[in-house]
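See below for the structure under consideration.
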Amino acid sequence: LLIKELKPADQMRVYGFDNTYRGLTPMTSDLSLIQQNLAAVQIDTVGSPGTALLRSVDLTIQQLEPYFGRKIIVLCSDGQNTIAGPQPETLIENLKKRDITVISLATVTKQELQAVDSGVNMRYVVPTEVKEAHKLMKNLAEETGGAAFFPKNVSALSETIEKIRSLIRSQYAIAYKPQNETNNGWRKIEVKCKRSGVKLNYRKGYFFQ
């Protein structure tokens, strides 16, 4: 459903990763090619020897370097990273420097939950490692002006996809000229909306040089 947001001038490339990182399509506007390759993706959470999430995001940043215009990474993962890669802080800084927005889509499966017998009935809790994984997904998104989504089941996925589509459609660019043009480096910004109940997703700053 997300690829329906592609306009004629837009391009997309699909990457897959577990312990290795691989391009599944070239950079293209061909929706049928993207759909065919996405349909062929198989997820093996049991046989996979590990997940190189951080390294894969880093490689995607490098792949996007030659392209101009708005850049968005839609990261679909459980957030687990079991193979060494860049530190999350370094990765977020590189994303900010290159004006790349991350939208995270993660799920909690029944297999990831821990069953706890309270003596009255069985309940399920999210273990610490899953919470940390989701924190990583959230930080990558929110620090770059995107958002993180955690649908709890398949039935909630369609609504989540629609929210992501709305987020992609409703982005705006705001420009201003800073009074101090001598201090290079990271500059924090804050954007507020006077209307109550509105949640804004925006970059928390920019690099001035």
Side-chain angles (χ1 to χ4, degrees), residues 1-3 5 12-24 37-38 41-64 71-116 123-168 199 201-204:
L1 293 175
L2 282 177
I3 63 176
E5 292 306 309
M12 175 186 287
R13 184 171 188 183
V14 181
Y15 298 93
F17 64 92
D18 40 33
N19 64 313
T20 60
Y21 174 82
R22 55 205 176 276
L24 303 179
N37 282 273
L38 284 176
V41 172
Q42 294 184 348
I43 301 174
D44 182 8
T45 58
V46 177
S48 175
T51 305
L53 186 149
L54 295 174
R55 190 172 69 188
S56 297
V57 173
D58 187 43
L59 290 171
T60 302
I61 294 172
Q62 297 175 37
Q63 293 291 323
L64 291 175
K71 301 176 185 179
I72 299 175
I73 295 176
V74 180
L75 179 61
C76 301
S77 173
D78 60 5
Q80 300 282 353
N81 183 79
T82 59
I83 295 177
Q87 291 296 315
E89 295 79 10
T90 302
L91 204 58
I92 290 172
E93 183 175 343
N94 288 337
L95 288 163
K96 289 178 177 178
K97 284 182 176 179
R98 290 160 178 80
D99 289 335
I100 300 174
T101 300
V102 175
I103 297 176
S104 295
L105 174 59
T107 58
V108 177
T109 65
K110 196 69 173 289
Q111 289 75 23
E112 292 174 316
L113 300 177
Q114 290 179 342
V116 177
R123 64 187 178 90
Y124 292 89
V125 298
V126 180
T128 302
E129 61 268 23
V130 175
K131 291 180 179 179
E132 289 299 317
H134 284 191
K135 180 180 178 181
L136 171 61
M137 296 280 281
K138 185 177 180 180
N139 287 343
L140 287 172
E142 294 186 353
E143 289 292 329
T144 59
F149 299 90
F150 305 96
K152 295 182 178 180
N153 49 55
V154 175
S155 61
L157 187 58
S158 296
E159 181 181 352
T160 300
I161 295 297
E162 185 55 40
K163 289 180 179 179
I164 295 175
R165 292 179 63 187
S166 176
L167 177 62
I168 294 174
K199 176 177 172 53
N201 298 299
Y202 63 92
R203 295 189 182 125
K204 304 304 185 288

Donor-acceptor pair, distance only, cut-off 3.5 Å: does the side chain of Arg55 make one with the backbone of Asn19?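 Yes; judged by distance alone, with no hydrogens or angles, the pair exists.
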Checking [X] now: which residues fulfil salt bridge (Lys or Arg N to Asp or Glu O under 4.0 Å) with it, not counting sequence neighbours?
X	value
Arg98	Glu65
Lys163	Glu159
Glu162	Arg165, Arg169
Lys135	none

Could you go through the side chain to side chain contact (heavy atoms under 4.5 Å, CB included) check for Val14 and Asn37 one step at a time? CA-CA 8 Å; Val14 181; Asn37 282 273; 5.6 Å; no
How far apart are the closest heavy atoms of [X] and [Y], and which atoms are they?
X	Y	value
Leu53	Gly79	CD1-CA, 3.7 Å
Ala141	Ala148	CB-N, 3.9 Å
Ser56	Phe17	OG-CB, 3.1 Å

Show every donor-acceptor pair shorter than 3.5 Å between a side-chain atom in residues 99-106 and any protein atom, with sequence neighbours excluded, or say none if there are none.
unit_1: Thr101; atom_1: OG1; unit_2: Thr144; atom_2: O; d: 3.4
unit_1: Thr101; atom_1: OG1; unit_2: Arg203; atom_2: NH2; d: 3.1
unit_1: Ser104; atom_1: OG; unit_2: Met137; atom_2: O; d: 2.8

List in chain and number order the residues that pass ring-ring contact (aromatic ring centres under 6.0 Å, His included) with Tyr21, two or more places apart in sequence or in another chain; answer none if no residue qualifies.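 Partners of Tyr21 by the ring-ring contact (aromatic ring centres under 6.0 Å, His included) criterion, ordered by chain and then number, come out as Tyr15.
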Residues in side chain to side chain contact (heavy atoms under 4.5 Å, CB included) contact with Gln87, at least two apart in sequence or another chain: Glu89, Thr90
Side chain to side chain contact (heavy atoms under 4.5 Å, CB included) involving Leu54 - partner list, sequence neighbours excluded: Asn81, Pro86, Pro88, Leu91, Leu136
Find out whether Leu140 and Ile73 are in side-chain contact, i.e. whether some heavy atom of one side chain is under 4.5 Å from a heavy atom of the other.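 They are not in contact (no side-chain heavy atoms under 4.5 Å apart), so the answer is no.
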Residue pairs passing the salt bridge (Lys or Arg N to Asp or Glu O under 4.0 Å) test where at least one lies in residues 139-151, sequence neighbours excluded: Lys96-Glu143
Run the side-chain hydrogen bond (donor to acceptor under 3.5 Å, both in side chains) test against Lys97 and tell me which residues pass, sequence neighbours left out.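 In terms of side-chain hydrogen bond (donor to acceptor under 3.5 Å, both in side chains), with neighbours along the sequence ignored, Lys97 is linked to Glu93.
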Using side-chain hydrogen bond (donor to acceptor under 3.5 Å, both in side chains) as the criterion, list what pairs up with Thr20, not counting sequence neighbours.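 For Thr20 the side-chain hydrogen bond (donor to acceptor under 3.5 Å, both in side chains) partners, ignoring immediate neighbours, are Asp18, Arg22.
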